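Heads up, the thing below is written out as structure tokens.
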Amino acid sequence: MPRGWSDARRVLCVRLDAMGDVLMTTPAIRALRESVRGREITLLTSAAGAAIARLAPEVDETIVYDAPWLKGGGISIESTAGASAATSRTAVDAALVDHAMIDLLRARGFDAAVIFTVYSQSALPAALFCRLAGVPLRTAHCREKPYGLLTTHVPETEPQHGVRHETRRQLDLAAAVGCHTRNERLSLSVPSDAAAHVRARLHALGIRPGDAWIALHPGATAPSRRYPSSSYADAARRIAARTGCTIVVTGDASERALADTVVRENHRAVSLAGELDLAQLCALIAAAPLLITNNTGPAHIAAACGTPVVVLYALTNPQHTPWMVANRTLSFDVPCRHCYRSVCPLGHHDCLRRVTPQEVANAACDLLAATGRAWSRPVAAPSIASHLVEEATA
């Protein structure tokens, strides 16, 4: 372990991306936490990242900062000490936000900072913040020469020398400061009240324990990662016809119309779009025998909960496939793969559009048969849902 890291009790983890990115970082955060007795972890993240971080058992506190150097950056700062604590939010003028964040970090008195990024991002703005805030130890992957901004510099090797899975990349960064874990699975804790709510909602839909049902989440924030809704509807009809199961369609309030497209003219499909908060969505996915979705946050929730998942995987980037969970990953190979674009630059969406609904139905039925899962799993509240993954893959 590099000098000083064994004495670092208060560690700031920086992951300023979205929900799925935070979930894929939980094994590395666990490695940091387990490697030094009594270590406390604070996560500096986006608003979307903080929402899921509150369900991550490895995180003691979240600080929300929508950083201006990332897409969607804003000016609000939020500090949350524990999932049940009151949240304080300070909205500040854009010209003062950087100073406010530096002051906030300095007040916490962190011993070390670990800055998690994808290889297309620079860690240096966050490293500068941490240095100005007086955090004495700082590490990150970095392509540039960081000089005094990082005390443990891990040279960036991607993509020139291959691309690692996002989870492996972050585990490797933790290992660079001497931190390891034997449990490299994603993790997530489902609150008991969310599990109870989902049990009641499924009962109201006529889904009883032992009934045949699967979950389908057709949305994604990036248009380039959305399988066509008409194809989802066709796949859902095929799966229902072959299995007799009910298709429970999920999404946020903005995705109600998308969900309605899937359930329309499909008498075995029902929509809960816009009716579940994030914790309840996690509880539903944890209970589902199977999830079908795009390369988006719920796919990583499924991995954290041990739920088999069929992923319609847009070939925009290669490093976010389901991690350590039974899965079928579907895409159509195209010359423009790995474009890293939120909108298909060629307008054809062939990497997803050319996956047929029949292939989706086949993958779903094959995965259910291969995993030998009961149709309906208990809607429970595990303390760390990654334990369910071990049962699923044992």
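Worth saying up front: this structure is predicted, and the values here are computed from it rather than measured.
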(request) Mark yes when over 12 heavy atoms from residues, nucleotides or ligands other than R33 sit less than 6.0 Å from its CZ; otherwise mark no. (result) yes
(request) Could you tell me whether the side chain of S231 and the main chain of P357 form a donor-acceptor pair under 3.5 Å? (result) no
(request) Evaluate whether atom NE2 of H203 has more than 12 neighbouring non-hydrogen atoms of other residues, nucleotides or ligands under 6.0 angstrom away. (result) no
(message) Quick one: does any side-chain atom of R9 pair with a main-chain N or O of G38 as donor and acceptor, under 3.5 Å?
(response) no
(request) Would you sort out whether R238 and D234 count as a salt bridge (Lys or Arg N to Asp or Glu O under 4.0 Å), showing the intermediate values? (result) CA-CA 6 Å; R238 292 170 185 267; D234 190 350; 2.9 Å; yes
(message) Under a 3.5 Å threshold, yes or no: a donor from one side chain and an acceptor from the other, between N295 and R226?
(response) no
(message) Using side-chain heavy atoms (C-beta onward) and a distance below 4.5 Å, is P218 in contact with S229?
(response) no
(message) Run Y232 and N294 through side-chain hydrogen bond (donor to acceptor under 3.5 Å, both in side chains) and show every step you take.
(response) CA-CA 10 Å; Y232 264 130; N294 303 303; 2.9 Å; yes
(message) Checking the side chain of R30 only, and the main-chain atoms of R185 only, is there a donor and an acceptor separated by less than 3.5 Å?
(response) yes
(message) Using the rule given for salt bridge (Lys or Arg N to Asp or Glu O under 4.0 Å), can you reason through R201 versus E275, listing the C-alpha separation, both sets of side-chain angles and the distance that settles it, and then say yes or no?
(response) CA-CA 10 Å; R201 292 308 307 271; E275 299 182 25; 2.5 Å; yes
(request) Measure from the side-chain N and O atoms of Y313 to the backbone N and O of H320, and report whether any donor-acceptor pair falls under 3.5 Å. (result) yes
(request) Could you tell me whether W323 and H300 have their ring centroids closer than 6.0 angstrom? (result) no
(request) Using a 4.5 Å cut-off on heavy atoms from C-beta on, say whether the side chain of S46 contacts that of D17. (result) no
(message) Before you tell me yes or no, could you show the steps for E34 and R39 under salt bridge (Lys or Arg N to Asp or Glu O under 4.0 Å), namely the whole-Å CA-CA distance, both residues' side-chain angles and the distance that decides it to 0.1 Å?
(response) CA-CA 8 Å; E34 291 178 351; R39 177 170 279 175; over 6 Å; no
(request) Flag the pair D350 and R353 as a salt bridge only when some basic side-chain nitrogen lies within less than 4.0 angstrom of an acidic carboxylate oxygen. (result) yes
(request) For M324 and L186, run side chain to side chain contact (heavy atoms under 4.5 Å, CB included): C-alpha distance rounded to whole Å, both residues' side-chain angles, the deciding distance at 0.1 Å, then the answer. (result) CA-CA 8 Å; M324 297 184 74; L186 311 190; over 6 Å; no
(request) Evaluate the side-chain proximity of F129 to V135: yes if any heavy-atom separation is below 4.5 Å, no if none is. (result) no
(message) Using modelled atom types and a 3.5 Å cut-off, is there a donor and acceptor pairing between side-chain atoms of R15 and backbone atoms of L23?
(response) no
(request) Applying salt bridge (Lys or Arg N to Asp or Glu O under 4.0 Å), run through R169 and D172 and close with a yes or a no. (result) CA-CA 5 Å; R169 171 184 172 85; D172 289 347; over 6 Å; no
(request) Establish, for the pair R10 and F110, whether the NZ or CZ atom is under 6.0 angstrom from the six-membered ring centre and no further than 45 degrees off its axis. (result) yes
